[in-house]
Trainee: 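Pasting in a structure now, in structure tokens, and then I'll have a few things to ask.
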Amino acid sequence: MLEELSDQEKERRHKLEKIKTLGIDPYPAEAFSTTHSCYQVRHSFDDGQADLWQGVRLAGRLMSIRDMGKAIFAELMDQSGRLQIYLRRDDLTPPERPWFFDTFVKKLLDIGDIVGVEGFVFRTRMGEVTLHVQSLTMLCKALRPLPIVKVDEKGQVHDAFTDPEKRQRMRYVDLLVNPGVREVFLQRTAIIRAMREFFDSHGCLEVETPILQPIPGGAAARPFITHHNALDIPLYLRIANELYLKRLIAGGFERVYEFAKDFRNEGIDRTHNPEFTMLEIYIAYKDYYWMMDFVEELLEHVVQKVFGTTTILYGGHQLSFRRPFQRLTFREALLRYAGIDFLESTEEQLRSFCRSHGLNHEPSMGRGKLIDEIFSALCEPHFVQPTFIMDYPVEMSPLCKRHRQNPALAERFELMITGKEIANAYSELNDPIDQLERFREQALLKERGDDEAMFIDYDFVRALEFGMPPTAGMGIGIDRLVMILTGQNSVQEVLLFPQLRPEAKAGS
RNA sequence: GAUUCCGUAGCUCAGCAGGUAGAGCAUUACACUUUUAAUGUAAGGGUCCUGGGUUCGAAUCCCAGCGGAAUCACCA
């Protein structure tokens, strides 16, 4: 069911028909080869060697058109940026097509149309590097008008395309019209590439593990569930890939990592999207202390490489990614900011602490969750600069080794930045008997109504029974890291296509 | 899931003591062969999110729904 067309859309469809009538294909099949990008022309044009700048071919979208009568100034935009082009009747009125300029270029081209041009480069009186077009090829007619964003001489932006809903629903328009948006996604890719290079240079192997899992393991979260028809079994979209990567360590790979799309069936807000990207990496024969050094080195490297500095401005804070980061134990953090020693507290004491501080304390919450609640509310906001929090209570970490000095603690650290967890790492539990017990405790929590408690994964336990070397493992929430590094305050701004409610159908 | 705010032309917005709509840009026409938020003159363009209700009369008030934003809850 098509929506009713607006006047401007009707107008463009009329133009489309006229273009066809002139014998011009508005959607030609042939490739259009280019010699330069807009950026190259604009930044490397040399007035002294103008004769070298002939036969320059560019392709892109018309972003503005200033009709001066017998001449037109327009802006062409390609992936690299914009370049002014100059279209003159005298040059675009070939004898075999005398109507070309007056009928086609002037009347039938619109902002948003995609064209290929060829000509020579010159500098206008106003000092603008410009392509003097000698031939123009229609490459695609745009049937909808593009929102016109204008920037005046003071740099002030007018009529910016800002409606968050429209921007996200029509990201293709957002990307065309808001240059900062493109920049964020280029940086996102650069960040991931720098990480990948770092891992590869440390002898790590990038692998792929199942997204559809019979048992959703490796994290505490509600999964999406689906059904496999041929096998007639339920399958879950993965909430993590941890247990599969550790199977690979058991299988003899010593350094593996995966940038994994994970899925969690939770609410959507400015820090949560139902699908998100998590980097997980596992290194055999190392422990979480080694991993802390490794993360520091990784982040300092990535930030330096992508941004050319180790200082990032975020929400008014100067974040320093220069090594070493602060380190603090979980117990010290709770003592300092909540005034409690969780090692000395029973579940009941923790529950009443939550009650008296107005925090959550559902009956289904065990010790681990109560402690987590207190920590999140009272401690996390203090860790603005990159800070390692070490040695979490063992109840909160069912896949993590007990601390070598205190069995109530786990050999786990989280890296907090701007009060948010960015990385989470363990000395991985490789004792199959202990692992099975921890799974069973999770099963009990599930019976108490904790729908995020873990399932027992017997195959994973079997893998551990065959033996997995001591291993350090870590996960990094890529979207949140990208948010911080690119200065965005919502995940939707670092995801090309964030999840939205379906658009209401027109008519039907 | 709860509360609050928002939903008017392609884009950004104004209009609300209730009398069936306005601006800038965009569009159309004309003028202008070095302009750059081009300019000048003229014109067209709107189920005012949807559905009910109150009223002689609703973009404006009330109710419900849909969508979005913020805060909280839930959650990495």
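Remember, predicted model here, so these are calculated numbers, not experimental data. The basis for the numbers below is simple: all heavy atoms, side chains too, and nothing from hydrogens, waters or symmetry mates. Residue numbers begin at 1 in each chain, while the letters A, B, ... track the order of the sequences.
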Trainee: Quick test of your reading of the model: are A:Lys20 and A:Glu17 salt-bridged, counting only N-O distances below 4.0 Å?
Mentor: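 Salt bridge present between A:Lys20 and A:Glu17.
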Trainee: Whole-Å distance between B:U27 C1' and A:Leu108 CG?
Mentor: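 Taking CG of A:Leu108 and C1' of B:U27, I get 14 Å after rounding.
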Trainee: Between B:A2 and B:A37, how far apart are the two C1' atoms, rounded to whole Å?
Mentor: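 Going atom to atom, C1' in each nucleotide, I get 45 Å.
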Trainee: In whole angstrom, what separates A:Leu76's CG from B:U36's C1'?
Mentor: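 Spelled out: CG on A:Leu76 to C1' on B:U36 is 15 Å.
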Trainee: Using whole Å, what does the distance between atom P of nucleotide B:G45 and atom CD of A:Gln8 come to?
Mentor: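 From A:Gln8 CD to B:G45 P: 13 Å.
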Trainee: By the 4.0 Å heavy-atom rule, please label A:Thr162 as base, sugar-phosphate, or nothing.
Mentor: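 Sugar-phosphate contact only.
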Trainee: Between A:His132 (NE2) and B:U33 (P), how many Å, whole number?
Mentor: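 Going from NE2 in A:His132 over to P in B:U33 covers 14 Å.
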Trainee: Return the value, rounded to whole Å, for the distance between atom CG of A:Leu500 and atom C1' of B:G7.
Mentor: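 Nearest whole value for this atom pair: 16 Å.
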Trainee: Given atom CG of A:Asp67 and atom C1' of B:A29, what is their separation to the nearest angstrom?
Mentor: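 Rounded to whole Å, this separation is 12 Å.
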Trainee: Could you tell me whether A:Asp479 and A:Arg188 have a side-chain N and a carboxylate O separated by less than 4.0 Å?
Mentor: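 A salt bridge is present here (some side-chain N lies under 4.0 Å from a carboxylate O).
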Trainee: Scan every strand shown for a Watson-Crick or G-U wobble partner of B:U54, both distances under 3.5 Å, and answer none if you come up empty.
Mentor: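 Here B:U54 is not engaged in any pair, so there is no nucleotide opposite it.
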Trainee: Which base sits across from B:U4 as a Watson-Crick or G-U pair, both distances under 3.5 Å?
Mentor: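 With both distances under 3.5 Å, B:U4 matches B:A69.
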Trainee: What's the CD-P distance between A:Glu9 and B:U27, to the nearest Å?
Mentor: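 Distance, rounded to whole Å: 14 Å.
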Trainee: Describe, in one word, how the ring planes of A:Phe321 and A:Phe325 are oriented to each other, choosing from parallel (under 30°), tilted (30 to 60°) and perpendicular (over 60°).
Mentor: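 If you compare the ring of A:Phe321 with that of A:Phe325, the planes turn out perpendicular.
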Trainee: Answer yes when A:Arg448 and A:Glu347 have at least one side-chain N-carboxylate O distance shorter than 4.0 Å, and no when they do not.
Mentor: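 Salt bridge between A:Arg448 and A:Glu347, a charged N being under 4.0 Å from a carboxylate O: yes.
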Trainee: Taking the same atom, C1', in B:U50 and in B:G67, what whole-Å distance lies between them?
Mentor: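 So the two C1' atoms sit 11 Å from each other.
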Trainee: Taking only the side-chain heavy atoms of A:Arg169 (C-beta and beyond), determine which of B:C32, B:G45, B:G67 contains the nearest atom.
Mentor: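 Among the listed nucleotides, the one closest to the side chain of A:Arg169 is B:G67.
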Trainee: Determine the Euclidean distance between corresponding P atoms of B:U12 and B:G45; express it in Å to zero decimal places.
Mentor: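 One P to the other, the span is 22 Å.
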Trainee: My understanding is that a pair needs two contacts under 3.5 Å, Watson-Crick or G-U wobble. By that rule, which nucleotide pairs with B:C25?
Mentor: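 By the stated definition (distances under 3.5 Å), B:G10 pairs with B:C25.
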Trainee: How is A:Gln84 classified with respect to the nucleic acid when contacts are heavy atoms under 4.0 Å: base, sugar-phosphate, or nothing?
Mentor: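 Touches a base.
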Trainee: Among B:U33, B:G67, B:A37, which nucleotide has an atom closest to any side-chain atom of A:Lys150?
Mentor: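 Nucleotide nearest to A:Lys150's side chain: B:A37.
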Trainee: Could you tell me whether A:Arg167 and A:Glu493 make a salt bridge, using a distance below 4.0 angstrom between a side-chain N and a carboxylate O?
Mentor: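 Yes, charged N to carboxylate O under 4.0 Å.
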Trainee: Using heavy atoms and a sub-4.0 Å distance, could you list which residues of residues 264-277 of chain A are near RNA chain B? By number, please.
Mentor: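 Only A:Arg264, A:Glu266, A:Asp269, A:Arg270, A:His272 qualify.
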Trainee: Treating A:Lys446 as the side-chain partner and A:Ala453 as the backbone partner, does any N or O pair qualify as donor plus acceptor under 3.5 Å?
Mentor: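 Yes, because the side chain of A:Lys446 sits within donor-acceptor range (under 3.5 Å) of the backbone of A:Ala453.
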Trainee: Which whole number of Å gives the distance between the C1' atom of B:A42 and that of B:C56?
Mentor: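 Roughly 39 Å separates the two C1' atoms.
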Trainee: Taking only N and O in the side chain of A:Arg66, is any of them less than 4.0 Å away from OP1 or OP2 of B:A38?
Mentor: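 The answer is yes; a side-chain N or O of A:Arg66 sits under 4.0 Å from OP1 or OP2.
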Trainee: In whole angstroms, how far is the C1' atom of B:C75 from the CD atom of A:Glu414?
Mentor: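 For the pair A:Glu414 CD and B:C75 C1', the rounded distance is 14 Å.
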Trainee: Any side-chain N or O of A:Lys107 less than 4.0 Å from the OP1 or OP2 oxygen of B:C30?
Mentor: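 The answer is yes; a side-chain N or O of A:Lys107 sits under 4.0 Å from OP1 or OP2.
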Trainee: Of the nucleotides B:C30, B:U28, B:G24, which has the atom closest to the A:Glu11 side chain?
Mentor: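 From the listed options, B:U28 comes nearest.
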